[in-house]
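First up is the structure itself, then whatever we jot down about it.
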Amino acid sequence: MKDEDTIAAPATPPGRGGIGILRVSGPDAVEVTEKVIRPTKRPFPPRHATLADFLDPQDGRVLDKVLVTYFRRPHSYTGEDVVEISCHGSPVILGYLLQCCVAAGARVAEPGEFTLRAFLNGRMDLSQAEAVRDLIESQTLYQARVAALQLGGSLAARLKPCRQSLLELMAVLEAGIDFGEDDVPVMDWEDIQRKLDAVHKDLAILAESYRFGRIVREGLALALVGRPNVGKSSVFNRLLNMERAIVTPIPGTTRDLISETASLGGLPVRLLDTAGIRTPQDEVEKIGIERTHQAIADADLRLLVLDASEEWHSQDSELLRQTAGLGRMVIVANKTDLPVRIARAAINEAVESIHSEAFAETPIVYASAKTGEGFVELKERIMAALTPSHAGTAEGEWLTNARHQQIIHRSLEAVQRAKHATQQRLPHEMILLDLYEALRRLSELTGETNVENILDVIFSKFCIGK
């Protein structure tokens, strides 16, 4: 990517629509634009929409009426001269407009190149640039809010106290080394340890936030499991608020995995309605049950559906044993609109007999998929089980990116080594090596250090035009 080039690309998604926008950025953005359109005003007034004609270069005929908005550097998205041409949302017109801009001296932008230039020109740090992609790809309003906060620099602000503490400690240790003969006071070992403990604790809280931040960014999977005819599909439909799965009183109606995504608590949750687990009656049902077992193993949470109108069944006990050790679970006793025959004590006794830490304090909810009774509580229990505690970190400051988590872990390791060196009373030069490493890792997160080797990886995942 050559930042001295002028680049162009559609900034609106492919397809037909009321409007299509072509973005041009670079030193010759205005010159390129003037070669393909005829404006009513010259020069373009910055930050004002100007009516213009899009001319066919071959015969000079007007192809479309367009609006041109000019953003003068450095007050633009990329920090360069940027022109945005708004035309009618015809793929033919937009495609030909791009072709004309390329003929006039621009080149087609690479994926993410506009945002890359914004980063290189200091308009945003690397964590903010990555938040742009998260905002575009958000599936729920909650995801969009978190991404918008990170786009506003919340993660960099969260790291600022840690960086400042490291810098202050490093300055003191450096002074002690450089001016030891001039009676410059050196920090006590206990004070060094105390400052390192504070930084380590803060970074550890941030690293732990990835457990929830990953869920915010990627969503999660919830598998409904149970023996045939307990109402899994009805529970599935009630959680979706739509009739997605076929519901009949015939056991074994669902013979394959059915998957749909719903928003629970603002998080995208992929619901998996599985085949009822029993001895298969034919080859098709056998394959469906095999897929069920795989889905149960891969899910973030399992929802064990029981029939509340029947007593505890031996097949329910078998399902508990099969899912022991796979992870968290919520038990829902369905069909409470019928006379309830399954006792909570019997469910608790069966759960306790498994002796698995994963089943400790397993929530039990009585509900009716037919009437909706108990589903408010069920959703609350699902979210409580899926989202671990994140009280130590404010919204928007969670680590939602695996790259960020790896960086924080490496910084934590360097701080831990510095703590160990302090406990061993090693020379300050040795401690400083680890502190410089910790600080360098934190700088990688925002892109303040040499990160050319990862830029292509990050921005290649962007869409064209952003």
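Values below: all heavy atoms of this structure, side chains included; hydrogens, waters and symmetry mates excluded.
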### Query
Does the pair Asp300 and Arg214 meet the rule for a salt bridge (charged side-chain N to carboxylate O under 4.0 Å, His left out), with working shown?
CA-CA 12 Å; Asp300 296 287; Arg214 181 192 66 83; 3.6 Å; yes
### Query
Under the salt bridge (Lys or Arg N to Asp or Glu O under 4.0 Å) rule, what pairs show up with a residue in residues 67-77, not counting sequence neighbours?
none
### Query
Quick one: do Glu413 and Arg410 make a salt bridge, cutoff under 4.0 Å?
no
### Task
Calculate, to the nearest 0.5 Å, the distance between atoms CD and CD belonging to Glu137 and Gln143 respectively.
9.5 Å
### Task
Indicate yes or no: does Arg227 engage Asp307 in a salt bridge with an N to O separation below 4.0 Å.
no
### Summary
Closest non-hydrogen atoms of Val102 and Val108, given as atom of the first, atom of the second and distance, are CG2-CG2, 3.8 Å
### Nearest heavy-atom neighbours spanning Leu426 and Trp189
O-CH2, 3.1 Å
### Query
Where do Gly372 and Arg238 come nearest, in terms of heavy atoms and distance?
N-NH2, 3.5 Å
### Query
Step by step, would you call Thr362 with Asn348 a side chain to side chain contact (heavy atoms under 4.5 Å, CB included)?
CA-CA 9 Å; Thr362 299; Asn348 281 323; over 6 Å; no
### Task
Please confirm whether the backbone N or O of Ala369 pairs with a side-chain atom of Ser234, one donor and one acceptor, at under 3.5 Å?
no
## Note on the structure
In terms of heavy-atom contacts, Leu166 and Leu442 come closest through CD1-CD1, 4.0 Å
### Query
Shortest non-hydrogen contact from Gly20 to Leu94?
C-CD1, 4.1 Å
### Message
Applying side chain to side chain donor-acceptor pair (under 3.5 Å) as the test, list every pair that has at least one member in residues 16-27; sequence neighbours left out.
### Response
Arg23-Glu84, Ser25-Thr78, Ser25-Glu80
### Message
I'd like to know if the side chain of Thr115 pairs up with that of Tyr77 as donor and acceptor (distance under 3.5 Å, no hydrogens or angles considered).
### Response
yes
### Query
Does any N or O in the side chain of Arg117 come within less than 3.5 Å of the main-chain N or O of Gly26, such that one atom is a donor and the other an acceptor?
no
### Query
So, are Arg194 and Glu190 salt-bridged, with charged N and O less than 4.0 Å apart?
no
### Query
Residues in salt bridge (charged side-chain N to carboxylate O under 4.0 Å, His left out) with Asp28, at least two apart?
none
### Query
Measuring from Cys101:SG to Ile7:CD1, what's the distance to the nearest 0.5 Å?
12.0 Å
### Query
Taking 4.0 angstrom as the limit, do Arg107 and Asp5 come out as a salt bridge?
yes
#### Entry: Audit row: Gln150, Gln128, side chain to side chain contact (heavy atoms under 4.5 Å, CB included) steps and yes/no
CA-CA 6 Å; Gln150 293 186 346; Gln128 290 174 293; over 6 Å; no
### Message
Assess whether a salt bridge exists between Glu130 and Arg133, defined as any Lys/Arg side-chain N lying under 4.0 Å from an Asp/Glu carboxylate O.
### Response
no
### Task
Applying side chain to side chain contact (heavy atoms under 4.5 Å, CB included), run through Tyr366 and Ile347 and close with a yes or a no.
CA-CA 11 Å; Tyr366 281 76; Ile347 301 175; 3.9 Å; yes
### Query
Sequence neighbours excluded, which residues qualify as salt bridge (charged side-chain N to carboxylate O under 4.0 Å, His left out) partners of Arg163?
Glu448
### Message
Main chain of Glu110, side chain of Glu113: is a donor-acceptor contact present, judged purely on distance under 3.5 Å?
### Response
yes
### Task
Applying side-chain contact (heavy atoms from CB on, under 4.5 Å), name anything that partners Glu168, two or more places apart in sequence or on another chain.
Gln164
### Summary
d(Leu303 CG, Leu222 CG) to nearest 0.5 Å is 5.5 Å
### Query
Where the side chain of Ser411 meets the backbone of Ile407, is there a donor-acceptor pair that is under 3.5 Å apart?
no
### Summary
Heavy-atom closest pair (Val415 atom, Ala438 atom, distance to 0.1 Å) is CG2-CB, 3.8 Å
### Message
Can you classify the ring geometry of Tyr142 versus Trp398 as parallel (below 30°), tilted (30 to 60°) or perpendicular (above 60°)?
### Response
tilted
### Task
Taking the side chain as every heavy atom from C-beta outward, state whether Phe236 and Glu260 have any atom pair closer than 4.5 Å.
yes
### Query
Considering residues at least two apart in sequence or located in another chain, which fulfil the salt bridge (charged side-chain N to carboxylate O under 4.0 Å, His left out) criterion with Glu429?
none
### Message
Quick check for you: to the nearest 0.5 Å, what is the distance between Lys201 atom NZ and Leu196 atom CG?
### Response
15.0 Å
### Task
Find out whether Ile431 and Leu169 are in side-chain contact, i.e. whether some heavy atom of one side chain is under 4.5 Å from a heavy atom of the other.
no
### Message
Just so I know, are the side chains of Arg158 and Asp202 near enough to count as touching, which here means a heavy-atom distance under 4.5 Å?
### Response
yes
### Message
With heavy-atom distances below 4.5 Å as the criterion, would you say the side chains of Val83 and Val30 are in contact?
### Response
yes
### Task
Starting from the C-alpha separation in whole Å, work towards a yes-or-no answer on side chain to side chain contact (heavy atoms under 4.5 Å, CB included) for Val332 and Val305.
CA-CA 5 Å; Val332 53; Val305 183; 3.8 Å; yes
#### Entry: Separation between CD1 of Ile382 and CD of Glu377, rounded to the nearest 0.5 Å
11.0 Å
### Message
Measuring from atom CZ of Arg440 to atom CG of Leu435, what distance do you get when rounded to the nearest 0.5 angstrom?
### Response
13.5 Å
